[in-house]
Structure formats: C-alpha cells, structure tokens
Amino acid sequence: MRNDKLRTYFNLHLIVFIWGFTAILGALISISAEALVWYRMLFAGVFLFFFIVLKKKSFVIPVREFFKLIFAGLLIAVHWIFFFKAIHVSNVSVTLSIFSLGAFFTSILEPIFYGRKILWYEVFFGLIIIAGLGIILQAEMNYFEGIVYALASIIIGVLFTLMNGKLIHQHESSVITFYEFMSGVVFISIYFLFEHKFVADFFVLSPNDWVLILILASICTAYAFTASVKVMQQLSPYTVMLTTSLEPVYGIILAYFIIGGKEKMSAEFYIGAILIVITVILNGVIKHYYTDEE
C-alpha cells in the first residue's frame with residue numbers, strides 16, 4: 001500500500017512537470033485568454049469523449065452530481081482564463097510563482113471542506129511557501145496586475161480541487177473531467193454570444209497556434225488533468241496542491257531556456273523557488289511516513 005502511494009506521488013510529479021509546459025504554451029499562443037480556454041476545453045473534451053467510448057465507460061451521472069460537475073466546470077474555466085490573462089500582462093515566471101500560495105489556502109480550506117482537524121505541518125509548510133513567495137516578489141512588484149490575476153486564479157483552483165477530491169471517490173476521473181470541460185465550454189460560449197465574439201476571425205488561427213493548442217488540449221489538459229483527478233484516490237487535496245507548487249519551478253526553468261528574454265529573473269527569485277522545492281520534498285517525506293494523518 002505504501003509503495004502504491006509513493007508511485008502515485010511520483011506520477012503526480014510527472015503531471016506537474018507536464019503542467020509546467022502549460023504556461024509556456026499560453027505565452028506562445030497568440031489568441032486572447034478567453035478564446036484560448038474555449039479551444040483548450042473544447043478539444044480536451046473531445047479527446048476525453050473518444051477515450052471514454054474506447055474504454056467503454058459509462059457517461060451516466062446522477063443528476064445531483066451532474067450539477068456539481070457543471071459548477072466545477074465554471075470554476076475551471078474562470079481559473080484558466082485568469083491564469084492566461086496573468087501570463088499575458090506579466091510573464092510566465094511571475095504567474096507561476098503565485099501558484100505556490102495554493103498550498104497555504106488549501107491548508108486552511110481543506111479542513112473546513114472535509115470536516116477534519118488542521119494539521120500543524122500543513123500550515124507550517126504553507127507559511128514557508130509564503131516566505132518563498134515573498135522573496136520571489138521582493139523585486140517583482142512591477143507586475144502587480146499579473147499578480148492579482150494569478151492570485152484570483154489559484155484561489156479558484158483550490159476550490160475546484162477540493163470539489164474534485166470528493167467527486168473522484170464516486171465517479172470515474174475521465175467522466176468527471178469530460179463533463180467539467182464541456183460545461184466550461186458552454187459557459188464561455190454563452191459569454192461569447194452575448195459579447196458577439198463568435199465572428200469568422202475567431203475561428204481563423206495560424207498553423208502554429210493550431211499545433212500548440214492541440215498539444216495543450218491533449219497532453220497538458222486531457223491527459224494531465226484526468227490523471228491529476230485520479231491521483232486524489234490515494235493522495236489528499238492538500239498534498240496535490242502542495243506538489244503543484246512545483247509547477248512554478250518546472251515552468252520557470254523551462255521558460256528560461258525556451259522563451260528567455262523577460263523570463264530571466266533576479267537571484268532572489270530563484271532563491272525563493274529553491275525554498276519551495278525543499279518544502280514540497282519535505283511534505284512528500286512526511287506524508288509518506290505518516291499516512292495515518294491523511
């Protein structure tokens with residue numbers, strides 16, 4: 001059992017590494033944040049549909065649970081829109097660094113959401129994450145608008161992570177994700193209809209954008225998101241969220257080598273990133289040897 005949990009934890013790290021490419025793809029794709037999320041959720045939903053049919057899984061969901069998935073889909077859509085907006089008005093490094101706050105918010109909200117006691121080391125690790133973030137942002141306050149968008153994004157992200165943590169124990173992860181993505185597409189489509197954004201030019205993308213969107217929707221979304229929901233069968237939402245704090249580190253390193261330019265940050269920035277890495281590793285060790293506390 002312990003080896004299974006450790007294997008799941010390493011699988012989660014692979015997922016987070018894949019997510020590190022998401023911000024880079026978002027920076028390279030030239031369309032607006034809202035359009036990008038619409039295409040991302042639409043194609044990811046299509047990929048999941050064929051996967052579910054191929055695996056002969058059931059699409060049937062109880063009505064009460066279905067409405068929960070619809071709401072979660074709205075949260076995911078807004079979360080991603082704010083995420084890509086933050087990248088567009090600041091950069092990949094600053095946006096991803098804010099995501100480290102997710103562990104602290106989860107340490108506060110998860111006990112309330114699940115009705116369990118607050119664990120001292122969860123709050124402690126969350127505070128260390130904030131300290132690392134403070135170091136990172138010390139010289140980067142000129143990206144204030146991006147910081148606000150990223151902060152709103154991660155708070156919403158914590159909420160739907162907690163929701164999925166309950167839903168995964170009742171339904172197949174791919175089916176949950178399919179309904180969430182398609183409901184997100186519906187919500188954004190309604191917004192586009194009211195704003196008259198569904199014009200001919202909306203569907204005209206460069207070949208480069210099409211390729212990047214398909215990579216984003218398939219590998220970084222359909223696969224990674226479904227797999228992340230599945231790991232919640234063995235790991236708590238807090239562990240998932242704290243491990244997700246590594247996404248900034250992976251993404252920042254990748255952005256430095258792939259994009260360069262404005263992604264090259266100060267020394268303090270990288271000191272804060274290292275502090276985050278150490279915190280995540282310590283959390284993994286404690287969770288591994290004190291599984292009874294989860």
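A salt bridge does not link E145 with K85: every distance from a Lys NZ or Arg NE/NH1/NH2 to an Asp or Glu carboxylate oxygen is 4.0 Å or more.
Using a distance-only test at 3.5 Å, with no hydrogens or angles considered, no donor-acceptor pair links the side chain of T95 to the main chain of V92. A donor-acceptor pair under 3.5 Å is formed between the side chain of T221 and the backbone N or O of L216. Remark: side-chain polar atoms of H79 are not paired, donor with acceptor, to backbone N or O of I156 under 3.5 angstrom.
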Fill in: Test side-chain contact (heavy atoms from CB on, under 4.5 Å) applied to I76 and M41, step by step
CA-CA 9 Å; I76 294 169; M41 299 188 87; 3.9 Å; yes
Item to complete: Please test L96 against F83 for side-chain contact (heavy atoms from CB on, under 4.5 Å), starting from the C-alpha separation and ending with a verdict.
Response: CA-CA 9 Å; L96 289 181; F83 173 70; 3.8 Å; yes
Worksheet entry | ring pair (Phe, Tyr, Trp, His ring centres under 6.0 Å) assessment of F21 paired with Y250 | CA-CA 8 Å; F21 285 99; Y250 294 146; 9.6 Å; no
Practice prompt. Give the intermediate values and the outcome of side-chain contact (heavy atoms from CB on, under 4.5 Å) for residues S174 and K55.
Written response: CA-CA 10 Å; S174 58; K55 293 292 184 178; over 6 Å; no
Practice prompt. Evaluate side-chain contact (heavy atoms from CB on, under 4.5 Å) for Y149 paired with I87, printing each intermediate quantity in order.
Written response: CA-CA 9 Å; Y149 275 126; I87 291 173; over 6 Å; no
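Y191 places a side-chain heavy atom less than 4.5 Å from the side chain of K197. A heavy-atom distance below 4.5 Å is not found between the side chains of E65 and I176. Contact of the F82 side chain with the V37 side chain is not registered, since no non-hydrogen atoms from C-beta on lie closer than 4.5 Å. For the pair F51/V46, no side-chain contact is recorded, criterion being any heavy-atom separation below 4.5 Å from C-beta on. At least one side-chain heavy atom of L42 sits less than 4.5 Å from a side-chain heavy atom of M182. Residues F59 and F178 have side chains in contact (heavy-atom distance under 4.5 Å, counting atoms from C-beta outward). Two residues are said to be in side-chain contact when any heavy atoms from C-beta on lie closer than 4.5 Å; L14 and N11 meet this criterion.
Between atom NZ of residue K68 and atom OG of residue S183 there is a gap of 15.0 Å, rounded to the nearest 0.5 Å. From L74, atom CG reaches atom CG of L69 across 13.0 Å, with rounding to the nearest 0.5 Å. A distance of 10.0 Å separates CG of L36 from CH2 of W80, quoted to the nearest 0.5 Å. Note: I213 CD1 to L25 CG = 10.0 Å, rounded to the nearest 0.5 Å. Atom OG1 of T177 sits about 8.0 Å away from atom CD1 of I52, to the nearest 0.5 Å. Note: H13 NE2 to F10 CZ = 7.0 Å, rounded to the nearest 0.5 Å.
Between F43 and Y39, the ring planes lie parallel to each other; the angle is under 30°, not in the 30° to 60° tilted range. In this structure, W38 and F203 have perpendicular ring planes: the angle between them is above 60°, well past the 30° mark.
The hydrophobic clustering, which links ILVMFWY residues whose side-chain heavy atoms are closer than 4.5 Å, places Y179 and V53 together. I31 and V204 fall into different hydrophobic clusters, defined by Ile, Leu, Val, Met, Phe, Trp and Tyr side-chain heavy atoms under 4.5 Å apart, directly or through other members. The cluster map of Ile, Leu, Val, Met, Phe, Trp and Tyr, joined by side-chain heavy atoms under 4.5 Å apart, puts I215 and I258 in the same cluster. Under the 4.5 Å side-chain heavy-atom criterion for Ile, Leu, Val, Met, Phe, Trp and Tyr, F202 and V186 are members of distinct hydrophobic clusters. Using a 4.5 Å cut-off between side-chain heavy atoms of Ile, Leu, Val, Met, Phe, Trp and Tyr, with links allowed through other members, I81 and L193 fall into the same hydrophobic cluster.
No more than 12 heavy atoms of other residues, nucleotides or ligands lie within 6.0 Å of CZ in F71, so this atom counts as exposed by the packing criterion. Around atom CZ of F198, more than 12 heavy atoms belonging to other residues, nucleotides or ligands sit under 6.0 Å away.
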